[in-house]
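Okay, structure first, notes after.
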Protein chains: 2
Amino acid sequence: MGRWEPDARGRLTKAALELYSERGYEQTTVAEIARRAGLTERTFFRHYADKREVLFVGASSMEELFVQAVAGAPESAAPIDAIAAGLEAVSKVFAGRHEHSRQRQAVIAANAELQERELIKLASISAALADTLRRRGVAEPAASLTAEVGVAVFKVGFERWITASEERELSQLMRESLDELKAVTASS
Amino acid sequence: MGRWEPDARGRLTKAALELYSERGYEQTTVAEIARRAGLTERTFFRHYADKREVLFVGASSMEELFVQAVAGAPESAAPIDAIAAGLEAVSKVFAGRHEHSRQRQAVIAANAELQERELIKLASISAALADTLRRRGVAEPAASLTAEVGVAVFKVGFERWITASEERELSQLMRESLDELKAVTASS
DNA sequence: CTACGTGATGACAGCGACTGACATCGAATG
DNA sequence: CATTCGATGTCAGTCGCTGTCATCACGTAG
């Protein structure tokens with residue numbers, strides 16, 4: 001047996017999510033999280049840059065996945081179709097995580113600081129997507145606009161998935177949202 | 001003469017903007033801002049909810065203006081055209097404020113916390129726009145999507161205005177961005 | 001087998017953002 | 001003139017977060 005119990009990071013993550021759910025984000029101190037995990041406050045900050053990051057561990061891998069899917073779309077695909085491929089790929093990650101996602105969004109929705117953090121993660125995705133589209137030869141401002149549209153569709157589709165009374169396929173909601181967006185922006 | 005110098009809030013605002021520009025946001029303490037304004041730290045927090053809000057005083061009035069313009073668009077106007085009217089109205093506010101806007105964006109661009117705050121202000125605008133569109137009879141998810149598109153066009157248009165080598169009309173950049181977005185989302 | 005380096009953690013002090021509670025005092029009000 | 005009120009000051013305290021140094025099981029070289 002090692003000097004310490006294994007998986008300190010995992011214990012911190014679990015403790016944080018539990019406490020945020022039980023009594024809310026603001027009412028939880030980092031010292032409490034660390035204590036529940038059998039560690040010290042200082043150690044928490046060695047694993048997470050700040051109190052909010054615990055809720056966003058998956059963000060970077062999701063960004064990567066999104067970007068890879070867009071980059072891997074057929075060269076012939078229009079920018080918006082490459083983005084659609086990215087949405088499709090990202091949707092699959094959430095399969096079987098509906099309840100977990102719902103709880104997490106509830107925590108975030110209850111606190112402005114957390115919403116800010118979520119928004120900047122989405123903005124980071126948008127910037128990465130714009131970059132990817134530019135590499136595909138898309139000029140500005142088309143690249144940035146298409147990327148922003150992709151994130152907007154993700155937000156709306158995800159929101160509908162979370163709040164839907166009966167569970168539906170996330171990827172289908174994404175496709176519907178994208179179609180709706182196309183309809184709404186169609187010139188008359 | 002009153003017990004105190006007048007316009008405490010104005011002095012705080014000025015001091016904060018100066019210090020954020022001179023040495024950066026993070027390197028400035030609230031105590032320093034207050035001292036330069038001839039006040040105490042506690043008084044700063046009576047005027048501003050936090051250290052970031054100083055940079056976002058105009059946000060709520062801009063949201064109001066945007067919403068009013070959308071609400072006031074002809075009933076016959078399509079949602080996207082109502083949003084276009086809002087973008088037109090908002091653009092006018094920035095007339096003659098190019099240099100000021102540029103400086104402000106430079107401060108924000110240098111700090112992630114400030115970007116987070118800006119993003120949540122834009123998200124608030126998006127939510128208000130969606131609400132306004134719903135009142136105009138637009139169903140979901142069209143209302144949310146159109147609102148998100150409006151904010152996306154604003155972001156891209158504004159960015160182009162700020163970084164343009166030669167100064168151009170903001171409202172024209174907004175129109176161009178909207179047209180580009182329409183082109184990019186047009187089904188083939 | 002021993003010495004040494006390494007990596008994860010603890011312990012502790014300190015800064016700065018932010019808050020609550022109470023005191024102060026000029027000005028408006030009657 | 002007495003009272004109330006509003007804006008500010010004062011002070012103590014919490015909490016997020018950081019820098020620094022100590023500790024000690026573990027692996028590894030000799």
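Numbers restart at 1 for each chain; the letters A, B, ... are given by sequence-line order, proteins then strands.
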query = Donor-acceptor pair, A:W161 side chain versus A:L173 backbone, under 3.5 Å?
reply =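 It does not hold such a pair.
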Do [Y] and [X] meet the salt-bridge criterion of a basic N to acidic O distance under 4.0 Å?
{"X": "A:K121", "Y": "A:E116", "result": "no"}
{"X": "A:E18", "Y": "A:R23", "result": "no"}
{"X": "A:R104", "Y": "A:E118", "result": "yes"}
{"X": "B:D179", "Y": "B:R175", "result": "no"}
{"X": "A:R136", "Y": "A:E75", "result": "no"}

remark   = Within residues 6-16 of chain A, those residues having any heavy atom closer than 4.0 Å to DNA chain C are A:A8
key: Sub-4.0 Å heavy-atom contacts from residues 43-58 of chain A onto DNA chain C, ordered by number   = A:T43, A:R46, A:H47
What integer distance in Å separates [X]:[atom1] from [N]:[atom2]?
{"X": "A:E26", "N": "D:dC15", "atom1": "CD", "atom2": "P", "result": "12 Å"}
{"X": "B:E113", "N": "D:dG16", "atom1": "CD", "atom2": "P", "result": "15 Å"}
{"X": "B:E32", "N": "C:dC18", "atom1": "CD", "atom2": "C1'", "result": "17 Å"}
{"X": "B:E5", "N": "C:dA27", "atom1": "CD", "atom2": "C1'", "result": "16 Å"}
{"X": "B:E41", "N": "D:dT14", "atom1": "CD", "atom2": "C1'", "result": "14 Å"}
{"X": "B:Q27", "N": "C:dC15", "atom1": "CD", "atom2": "P", "result": "17 Å"}
{"X": "A:R35", "N": "C:dA11", "atom1": "CZ", "atom2": "P", "result": "13 Å"}

[options]: which one has an atom nearest the side-chain heavy atoms of [X]?
{"X": "B:L39", "options": "C:dT9, D:dG9, C:dA17", "answer": "D:dG9"}
{"X": "A:T29", "options": "D:dG16, C:dA17, D:dT20", "answer": "D:dG16"}
{"X": "A:R42", "options": "D:dT10, C:dT9, C:dA11", "answer": "C:dA11"}

key: Under 3.5 Å side-chain donor-acceptor pair for B:E99 and B:Q103   =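 Result is no, nothing qualifies.
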ask   = Do you see a donor-acceptor pair shorter than 3.5 Å between the side chains of A:S144 and A:E140?
value = yes
Could you give the side-chain donor-acceptor pairs of residues 55-73 of chain B under 3.5 Å, partners two or more places apart or in another chain?
residue	atom	partner	partner atom	Å
B:S61	OG	B:G58	O	2.9
B:E63	OE1	B:S124	OG	2.7

ask   = With distance as the sole criterion, do the side chain of B:R3 and the base of C:dT24 form a donor-acceptor contact below 3.5 Å?
value =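 Answer is yes: a donor-acceptor pair is held.
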